[in-house]
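What follows is one structure encoded as structure tokens, with my remarks underneath.
Start at 1 with the first residue, then count along the sequence.
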Amino acid sequence: VPPHAPAVAPATFDLAAVARIIKEKNDRFTAAHITGDTTVLNDYYAPDARVLAPNTAPVEGRAAIARMNDEYVSFGITEAEETTTRIYGNADFVVDEGNYRMRYGKDSTLEEGKYLNVWKNADGEWRVYTNTWSPNN
């Protein structure tokens with residue numbers, strides 16, 4: 001930095017504020033599973049996102065994730081919730097670890113498990129960059 005240039009302090013990262021944003025997005029995301037609102041589901045993900053679902057190949061990119069979301073809501077999800085248990089990161093990436101509970105299908109199958117989301121700050125908007133989950137059973 002030239003001696004005559006003003007010093008610019010780096011922006012401070014506020015994890016608590018980002019955690020609140022992520023909680024609001026997770027709440028909208030789980031509600032959208034029940035209502036079948038794939039617009040909300042698809043907007044949750046970064047354009048270059050990956051979903052690492054159990055027992056299947058990775059799903060990469062928004063178009064492929066949108067097809068996956070269509071399939072998932074067709075199961076008839078009647079209950080969905082996520083509870084963050086840990087959150088950590090920096091101004092570029094934040095990791096959201098937690099537990100989930102979902103009820104779906106004509107037999108009202110209950111699935112409980114854990115998830116991990118890596119959130120990416122892309123142009124000032126927090127979106128999921130990598131999503132993975134695993135049932136407990």
Salt bridge or not for [X] and [Y], using N-O below 4.0 Å?
X: R127; Y: D43; answer: yes
X: D96; Y: R86; answer: no
X: K25; Y: E82; answer: no
X: R101; Y: E79; answer: yes

Indicate whether the side chain of [X] and that of [Y] have a donor and an acceptor atom separated by less than 3.5 Å.
X: T84; Y: Y115; answer: yes
X: N26; Y: Y44; answer: yes
X: E111; Y: Y104; answer: yes
X: N121; Y: D92; answer: no

When you measure from the side chain of [X] to the backbone N and O of [Y], does any donor-acceptor pair fall under 3.5 Å?
X: T30; Y: D27; value: yes
X: D37; Y: T39; value: yes
X: T132; Y: L52; value: yes
X: R62; Y: D48; value: no

Do the ring planes of F93 and Y129 sit parallel (below 30°), tilted (30 to 60°) or perpendicular (above 60°)?
tilted
Can you confirm whether F29 sits close enough to L41 that some side-chain heavy atom of one is under 4.5 Å from a side-chain heavy atom of the other?
yes
Of all heavy-atom pairs between [X] and [Y], which one has the smallest distance, and what is that distance?
X: K114; Y: P135; result: NZ-O, 3.5 Å
X: R50; Y: I65; result: N-CD1, 4.4 Å
X: G98; Y: T85; result: CA-OG1, 3.5 Å
X: Y100; Y: S134; result: OH-C, 3.6 Å

Is there a continuous path of hydrophobic side-chain contacts, each under 4.5 Å between heavy atoms, that joins [X] to [Y]?
X: W126; Y: V95; value: no
X: V73; Y: V51; value: yes
X: V118; Y: V128; value: no
X: V59; Y: V40; value: no
X: I77; Y: L110; value: no

Which distance, rounded to the nearest 0.5 Å, do you find between the [atom1] of [X] and the [atom2] of [Y]?
X: N69; Y: T38; atom1: CG; atom2: OG1; answer: 7.0 Å
X: E125; Y: I21; atom1: CD; atom2: CD1; answer: 8.5 Å
X: N136; Y: N99; atom1: CG; atom2: CG; answer: 7.0 Å
X: M102; Y: F75; atom1: CE; atom2: CZ; answer: 10.0 Å
X: N42; Y: M68; atom1: CG; atom2: CE; answer: 8.5 Å

L15 vs V94, side-chain contact (heavy atoms from CB on, under 4.5 Å): CA-CA, chis, key distance, verdict
CA-CA 8 Å; L15 182 59; V94 170; 4.2 Å; yes
Please lay out, stage by stage, how F13 and V18 fare under the test side-chain contact (heavy atoms from CB on, under 4.5 Å).
CA-CA 9 Å; F13 174 67; V18 174; 3.7 Å; yes
Non-neighbouring partners of A57 that pass side chain to side chain contact (heavy atoms under 4.5 Å, CB included), sequence neighbours left out
none
